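Working notes, beginning with the structure itself.
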Amino acid sequence: MSKQSQIKSKKKKLDEIQKALGEVLRDLRKQAKLSQIELGEESDYHFTYISQLERGTKQAGFGTIFLLAEKLDTTPDKIVNLVMKKLAK
């Protein structure tokens, strides 16, 4: 596999992870009966950032996942496990 192919493959995998994380965050937010605006206010993030995370257009850092997990009444490991399940489909 060429270096260029490896880079494309890695980017594709990261994009898939971002998208899966976004879907998980959206599902958890809806289960918590929160709007993007409410989650943003509770977590001190702008609602547009929440939207970008949910659409998979922004990457969530480690700290962000921990903070959002707390606000969504879950744990970071549960979020990661849900992402892994989505990726396995």
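Just so it is clear, the structure is predicted and the values come from calculations on it, not from any experiment.
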Pairs touching residues 49-89 that satisfy ring pair (Phe, Tyr, Trp, His ring centres under 6.0 Å), sequence neighbours left out
Tyr45-Tyr49, Phe62-Phe66
Student check: side-chain heavy atoms of Ile50 and Leu25 closer than 4.5 Å
no
Counting N and O atoms only, with roles assigned by atom type, does the side chain of Thr74 sit under 3.5 Å from a partner on the main chain of Ala69, one being a donor and the other an acceptor?
no
Can you find a heavy atom in the side chain of Leu21 that is under 4.5 Å from one in the side chain of Ile65?
yes
How would you list all residue pairs meeting ring pair (Phe, Tyr, Trp, His ring centres under 6.0 Å) that involve residues 5-39, not counting sequence neighbours?
none
For Thr64 and Leu53, what are the C-alpha separation, side-chain angles and deciding distance, and is it a side chain to side chain contact (heavy atoms under 4.5 Å, CB included)?
CA-CA 10 Å; Thr64 301; Leu53 289 175; 4.2 Å; yes
Can you name the side chain to side chain donor-acceptor pair (under 3.5 Å) partners of Lys10, sequence neighbours left out?
none
Quick note, salt bridge (charged side-chain N to carboxylate O under 4.0 Å, His left out) partners involving residues 42-56, not counting sequence neighbours, are Arg26-Glu54, Arg29-Glu54
Side chain to side chain donor-acceptor pair (under 3.5 Å) partners for Gln18, two or more places apart
Gln59
Return the set of residues passing side chain to side chain donor-acceptor pair (under 3.5 Å) with Asp27 (not counting sequence neighbours), or none when no residue passes.
none
By side-chain contact (heavy atoms from CB on, under 4.5 Å), Glu38 pairs with (sequence neighbours left out) Leu34, Ser35
Could you give the side-chain donor-acceptor pairs of residues 76-89 under 3.5 Å, partners two or more places apart or in another chain?
{"unit_1": "Asp77", "atom_1": "OD1", "unit_2": "Thr75", "atom_2": "OG1", "d": "2.6"}
{"unit_1": "Asn81", "atom_1": "ND2", "unit_2": "Asp77", "atom_2": "O", "d": "3.2"}

Residues passing the side chain to side chain donor-acceptor pair (under 3.5 Å) test with Thr48, sequence neighbours excluded, are His46
If I take atom OG from residue Ser51 and atom CG from residue Leu39, how far apart are they, to the nearest 0.5 angstrom?
11.5 Å
Applying salt bridge (charged side-chain N to carboxylate O under 4.0 Å, His left out), which residue pairs with at least one partner in residues 13-22 are found, sequence neighbours left out?
Lys11-Asp15, Lys19-Glu23
